[in-house]
Amino acid sequence: MRIYNTLTRKKEDFVPLSPGYKGYQVRFVKNFTDVDDKIIRRANAEGVPALEVSERYIREFGADMAAIGVRPGDVEPKATEHIPEMVALIERLIARGLAYAVDGDVYFEIRRFPPYGRLSGKNLDELLAGARVEVDERKRDPRDFALWKAAKPGEPAWPSPWGAGRPGWHIECSAMSMRYLGESFDVHGGGEDLVFPHHECEIAQSEGATGAPFARYWIHNGFVNLGAEKMSKSLRNTLTIRDIVRRHDPDALRLWMLGTHYRNPIEWSEERVREAARALGRFTRLFHDAGTSKGGSPAPAAPAGELRVLVERFDAAMDDDFNTPQALGAMFDLSRALYELVDRARAGAGARDALAAGVGALRRLGGALGLFERGPADGGPPPPEIERLVAERGAARTRRDWKRSDELRDEIQRRGWTVEDTPGGPRVTRKGA
RNA sequence: GGCGGCGUAGCCAAGUGGCCAAGGCGGAGGUCUGCAAAACCUCUAUUCAGCGGUUCGAAUCCGCUCGCCGCCUCCA
């Protein structure tokens, strides 16, 4: 597998520190910063404790992620529950002469860590030239950044060797990832906007303290843009996941996103997501038809070759820096091949085994992308009263009573189901599936 | 100003030196069909923002121009 590493600006073979026997054994840590300036501001505005605010947002975040099928981390630590680790890390940095305390603040001294700037491709002189924020005179260098901030009135604070205060902007990520993944670990991810300063500072703090490489591969994703239109509450075009999930199938949303490579920007568009939903229909109908197709003889001459080639194409695409658009291309081609098998199975051409194998493979591939995981994609079997209407319509069609047949189809529509006549019999699916 | 990215068909989007430039959506024609829908088949970029250059050969490498975007220390 090859991964684009921001650190080296090129695709590299991925070689994990401790290889799993086959595939990869992943421990995914997703950490939460549950105290920062914004949270404190919000808490003061609402007149509630800061942690109450962050708890609420973390809870809502979890619910939103679940709604769109994003899996939680194996560990989801919170900054405020790891203050001692941060203090210890800062003490190490001070001991190694990389940090200094001033009036209850502690700063990281950038000049003492020569690799600073490597991840983001900045050179220190340019950083200084570009400084546009008022310089804190107590810092030895304007580019030094805070590891620990002395408490101001009305702020939550924790005890430390430098007095009551709270962690600086970047230290919590170093402390938590080292706690749960060790001083060196394989992959660190994040949005591309975090490259500088956040990830740069994480590296400085972590490697400065341990002398060992921190994350070995840095993966950064592009943004979801809102196009020309600015997000604004007054324009009522703010995007929340809760809003979006009301209007779109989570799988359609996922398919839309996977259609663009993760490192490229993607523009939010209702229309694009609706297109993705139409494309998704290819898969859901296939699963439906494959499950209900009848006939065929056992031991077919399976097109194992073609099927295998498509699966290999998918794997190769994913192994090449997670090229999901290309992987999806293989899945669509696979679905086309499988629809042909549906027809052959119906014609009794004995393609059932190959079809079953192919659909199973397609489901597995989709599963690797987080698709098709929310139960029957076609809405499952219809309830008895719908079955009854479908049967009644079938009878009307048999006696060529088209008027009655169409009335019944309308009635079924009104009750939220769609009936289509296929060579294999009526296909009944939940409307919109 | 510094660093980096992007510009591929009507729309979206892969492809980064050499078979016919993936795939999806949309569109056109056909097969099937009571109708509708679906599926399948065929077609829909002699061309990759523009101009030069390197090369036997470039969407892919280099230079310039135009257009768009991200980052450039208390926002994690």
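Because the structure is a prediction, the values reported are computed rather than measured. Naming: A, B, ... by sequence-line order, numbering from 1 per chain.
Comparing the same atom, P, in B:rG18 and in B:rA22 gives a spacing of 14 Å after rounding to whole Å. B:rG63 sits 40 Å from B:rG27 when the C1' atoms are compared, rounded to a whole Å. Rounded to a whole angstrom, the distance from the C1' atom of B:rC69 to that of B:rU31 is 47 Å. B:rC74 and B:rG10: their C1' atoms are spaced 48 Å apart (whole Å). Rounded to whole Å, the separation between the C1' atoms of B:rU44 and B:rG7 comes to 23 Å. If you take atom C1' in B:rU55 and the same atom in B:rA49, they sit 23 Å apart, rounded to whole Å. Of the C1' atoms belonging to B:rC11 and B:rG4, the separation is 28 Å, rounded to the nearest Å. With both ends at atom C1', the span from B:rG50 to B:rC66 equals 7 Å, rounded to whole Å.
Atom CZ of A:Arg400 has 12 or fewer heavy atoms from other residues, nucleotides or ligands within 6.0 Å. Atom CZ of A:Arg112 has 12 or fewer neighbouring heavy atoms from other residues, nucleotides or ligands inside a 6.0 Å radius.
When both pairing distances are held under 3.5 Å, B:rG67 makes a Watson-Crick or G-U pair with B:rC6. Remark: B:rC43 base-pairs with B:rG27; criterion is Watson-Crick or G-U wobble with both hydrogen-bond distances under 3.5 Å. A 3.5 Å limit on both hydrogen-bonding distances identifies B:rC62 as the Watson-Crick or G-U partner of B:rG52. Under the Watson-Crick or G-U wobble criterion, with both distances below 3.5 Å, B:rG1 is paired with B:rC72. Nucleotide B:rA14 is matched to nothing when pairs are restricted to Watson-Crick or G-U wobble geometry with both distances under 3.5 angstrom. Under the Watson-Crick and G-U wobble criteria, each requiring two contacts below 3.5 Å, nucleotide B:rC32 is left unpaired.
Nearest heavy-atom pair across A:Val390 and A:Pro426 is CG1-CG, 4.0 Å.
Contacts of A:Asp37 with the nucleic acid, taken as non-hydrogen atoms under 4.0 Å apart, involve only primed sugar atoms and P, OP1 or OP2. Residue contacts shown for A:Leu194 include a base, since a base heavy atom lies under 4.0 Å away. Within the nucleic acid shown, A:Ala279 comes within 4.0 Å of sugar-phosphate atoms alone, with no base atom in reach, counting heavy atoms only. Using a 4.0 Å heavy-atom cutoff across all strands shown, A:Arg9 reaches no nucleic acid atom at all. Nucleic acid contact class of A:Glu172 (heavy atoms, under 4.0 Å, all strands): sugar-phosphate only. Contacts of A:Arg336 with the nucleic acid, taken as non-hydrogen atoms under 4.0 Å apart, involve only primed sugar atoms and P, OP1 or OP2. Counting non-hydrogen atoms under 4.0 angstrom, A:Ser405 reaches a base of the nucleic acid. Using a 4.0 Å heavy-atom distance criterion, A:Arg404 is classed as making no nucleic acid contact.
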Apply salt bridge (Lys or Arg N to Asp or Glu O under 4.0 Å) to residues A:Glu46 and A:Arg56 and explain how you reach the verdict. CA-CA 13 Å; A:Glu46 294 184 15; A:Arg56 191 170 74 222; 3.0 Å; yes
Yes or no on salt bridge (Lys or Arg N to Asp or Glu O under 4.0 Å) for A:Asp421 and A:Arg393, after CA distance, side-chain angles and deciding distance? CA-CA 11 Å; A:Asp421 302 310; A:Arg393 177 168 174 276; 2.8 Å; yes
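A:Phe332 places its CZ atom 11 Å from the P atom of B:rA39, with the value rounded to the nearest Å. Per the geometry, CG belonging to A:Leu280 stands 14 Å off P belonging to B:rG24, to the nearest Å. When the C1' atom of B:rU16 is taken as reference, atom CD of A:Gln326 falls 12 Å away, rounded to whole Å. Taking atom CG of A:Asp141 as the reference point, atom C1' of B:rC74 lies 15 Å away to the nearest angstrom. Distance, A:Glu420 CD to B:rA39 P: 9 Å, rounded to whole Å. Note: NZ (A:Lys149) to C1' (B:rU73) measures 12 Å, nearest angstrom. For the pair A:Leu286 CG and B:rG24 P, the interatomic distance rounds to 14 Å; values are reported in whole Å. The distance between atom CZ of A:Arg282 and atom P of B:rG24, rounded to the nearest whole Å, is 5 Å.
No donor-acceptor contact under 3.5 Å links the side chain of A:Asn264 to the base of B:rG5. Between the side chain of A:Asp421 and the base of B:rC35 there is at least one donor-acceptor pair of N/O atoms closer than 3.5 Å. Between the base of B:rG4 and the side chain of A:Ser120 there is no donor-acceptor pair shorter than 3.5 Å. Side chain A:Arg278 to base B:rG24: no donor-acceptor pair is found below 3.5 Å.
Listed nucleotides: B:rA14, B:rC71, B:rC74. Nearest to the side chain of A:Thr260: B:rA14. Listed nucleotides: B:rA13, B:rA76, B:rA39. Nearest to the side chain of A:Arg285: B:rA39. Distances from the side chain of A:Phe196 to the nucleotides B:rC72, B:rA76, B:rG34 place B:rC72 closest. Distance from the side chain of A:Asp193 is smallest for B:rA76 among the nucleotides B:rC35, B:rA76, B:rC40. For A:Glu275, the listed nucleotide lying nearest its side chain is B:rC11; candidates were B:rC71, B:rC11, B:rG34. When distances run from any side-chain atom of A:Thr422 to the nucleotides B:rC74, B:rG34, B:rA37, the shortest one goes to B:rA37. Of the listed nucleotides (B:rC72, B:rU73, B:rC74), B:rC74 has the atom at the smallest distance from the side chain of A:Trp169.
If A:Trp256 and A:Asp36 are placed on RNA chain B by their nearest nucleotide, the residue sitting closer to the 5' end is A:Trp256. Annotation: of the two residues near RNA chain B, A:Arg272 and A:Arg409, the 5′-most nearest-nucleotide partner is A:Arg272.
Applying the 4.0 Å criterion to OP1 and OP2 of B:rA76, one finds that A:Asn31 has every side-chain N and O outside that range.
The ring of A:Tyr180 has its center closer than 6.0 angstrom to the ring center of A:His82. The ring of A:His198 has its center no closer than 6.0 angstrom to the ring center of A:Trp169.
Put simply, CZ on A:Phe113 and CD on A:Glu207 are 5.0 Å apart, with the number rounded to the nearest 0.5 Å.
By the 4.0 Å N-to-carboxylate-O rule, A:Asp321 lies too far from A:Lys11 to be salt-bridged with it.
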